[in-house]
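As structure tokens, the structure follows; a few thoughts come after it.
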Amino acid sequence: MLSNLDYQIFHLINEQASTFTFLNGVMRFFAEDAQYVFALALILYWFSRNKLNRKMVLSAAISANLGMGISFIIGHLMYRDRPFVTHTVIQLIKHPANASFPSDHAIGAFALAVTFWLYGKRFRMFWLAAALLIGFSRIWAGVHYPSDVAAGALVGALCAVSTQFMLLRFKRPQQLADSCLELYEKAEHKIWNKSTKPQSEDA
């Protein structure tokens with residue numbers, strides 16, 4: 001159910017796209033492409049070959065996927081149309097007219113940003129700010145209501161906290177995560193050795 005306050009806040013933010021047009025390019029980037037910066041960060045952290053970083057990446061991936069699963073269920077139980085379906089809006093990006101509540105972009109961004117924060121990453125404030133901008137830009141671009149983003153941020157953050165708690169406090173999940181990492185690192189070590197082993201010269 002869309003409240004009048006939710007719509008008023010949405011309208012207040014969305015109409016700024018016609019006032020501060022010079023910001024629209026930045027908002028389009030955060031609304032559509034900033035998620036790939038988070039994906040790149042996961043790849044870089046993973047291939048740093050640091051065990052703690054790899055545990056963090058595993059925790060982030062579990063958190064994000066858990067959040068998407070929750071979003072799928074909520075989207076079917078509490079279906080809400082996108083703002084551009086039911087209202088006249090300033091729509092900066094193309095988007096299918098699927099469920100608006102909660103925001104998947106906010107779930108993914110906050111699941112990763114909060115995981116980075118919990119693991120004490122040096123640039124954790126940057127990642128949190130990026131997640132906030134992703135959520136805000138989705139409202140600015142006309143594809144989400146404020147409550148969609150707030151709910152997505154809450155789901156993502158809770159998934160990050162609960163996943164880290166599970167991996168740190170419960171023995172079985174710890175063992176499973178460590179076993180998966182160990183198997184991967186063994187395979188990686190074999191592949192790495194084969195690729196770096198000098199070939200014998202022909203006689």
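Please read all numbers here as calculations on a predicted model, not as lab measurements.
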Task: Criterion side chain to side chain contact (heavy atoms under 4.5 Å, CB included) on V26 and F20, from CA distance to verdict - done: CA-CA 11 Å; V26 175; F20 301 100; over 6 Å; no
TODO: Work out which heavy atom in Y79 is nearest to a heavy atom in A97; give both atom names and the distance.
DONE: OH-O, 3.4 Å
TODO: Kindly give the heavy-atom pair with the smallest separation between P102 and A151, and that separation in Å.
DONE: CB-CB, 3.9 Å
TODO: Measure the shortest side-chain to side-chain distance between V37 and F29 over non-hydrogen atoms and say whether it is less than 4.5 angstrom.
DONE: yes
Task: F72 atom CZ: more than 12 heavy-atom contacts under 6.0 Å - done: no
Task: Sub-4.5 Å side-chain heavy-atom contact between K55 and L167 - done: no
TODO: For A113 and A131, work out which heavy atoms get closest and say how close.
DONE: CB-CB, 3.9 Å
- [ ] Can you see which heavy atom on N50 is nearest to which on N53, and at what distance?
- [x] OD1-N, 3.0 Å
Task: Contact list for residues 17-27, test side chain to side chain donor-acceptor pair (under 3.5 Å), sequence neighbours left out - done: N24-W140
Open item on the list: Side-chain heavy atoms nearer than 4.5 Å, only ILVMFWY residues, links allowed to pass through others: does that put L112 and W46 together?
Closed with: yes
TODO: Can you label the angle between the Y145 ring and the H87 ring as parallel, tilted or perpendicular, going by 30° and 60°?
DONE: perpendicular
Task: Side-chain H-bond candidate by donor/acceptor type, D6 with S147, under 3.5 Å - done: yes
Task: L158 side chain reached by F110 side chain, heavy atoms, under 4.5 Å - done: no
- [ ] Please answer whether the main-chain N or O of Y45 pairs with a side-chain N or O of S48 as donor and acceptor at a distance below 3.5 Å.
- [x] yes
Open item on the list: Under 4.5 Å between side-chain heavy atoms, counting indirect links through other Ile/Leu/Val/Met/Phe/Trp/Tyr residues: same cluster for I9 and V143 or not?
Closed with: yes
- [ ] Determine, using the 4.5 Å side-chain heavy-atom cutoff (strictly less than), whether I90 and F136 are members of one ILVMFWY cluster.
- [x] yes
Task: Whether H95 and H144 hold their rings parallel, tilted or perpendicular, with breakpoints at 30° and 60° - done: perpendicular
Open item on the list: If hydrophobic residues (ILVMFWY) are linked whenever their side-chain heavy atoms come closer than 4.5 Å, directly or via other members, who joins L40 in its cluster?
Closed with: L44
- [ ] Could you label the plane-to-plane angle of the Y7 and H11 rings as parallel, tilted or perpendicular, counting under 30° as parallel and over 60° as perpendicular?
- [x] parallel
Task: Cluster overlap L176 with L183, hydrophobic side-chain contacts below 4.5 Å - done: no
Open item on the list: What I'd like to find out is whether the side chain of L12 reaches to under 4.5 Å of the side chain of E15, using heavy atoms alone.
Closed with: yes
Task: Minimum-distance pair of heavy atoms, taken over all atoms of L92 and R28 - done: O-NE, 3.3 Å
TODO: Look only at the side chain of S103 and the backbone of V149, and say whether a donor-acceptor pair between them is shorter than 3.5 Å.
DONE: no
TODO: Identify the heavy atoms of N14 and A141 that sit nearest to each other, and give their distance.
DONE: ND2-C, 4.1 Å
Open item on the list: Quick check against the 3.5 Å criterion: does S179 have a side-chain atom that pairs as donor or acceptor with the backbone of Q175?
Closed with: yes
Open item on the list: I'd like to know if L42 and Y36 are part of one continuous hydrophobic network [Ile/Leu/Val/Met/Phe/Trp/Tyr, side-chain heavy atoms within less than 4.5 Å].
Closed with: no
- [ ] Taking the side chain as every heavy atom from C-beta outward, state whether F123 and F116 have any atom pair closer than 4.5 Å.
- [x] no
Open item on the list: Checking the side chain of R138 only, and the main-chain atoms of G135 only, is there a donor and an acceptor separated by less than 3.5 Å?
Closed with: no
Task: T115 vs T163 side-chain heavy atoms within contact, under 4.5 Å - done: no
Open item on the list: Is there a side-chain contact between M125 and W117 in this structure, where contact means two heavy atoms from C-beta onward sitting under 4.5 Å apart?
Closed with: yes
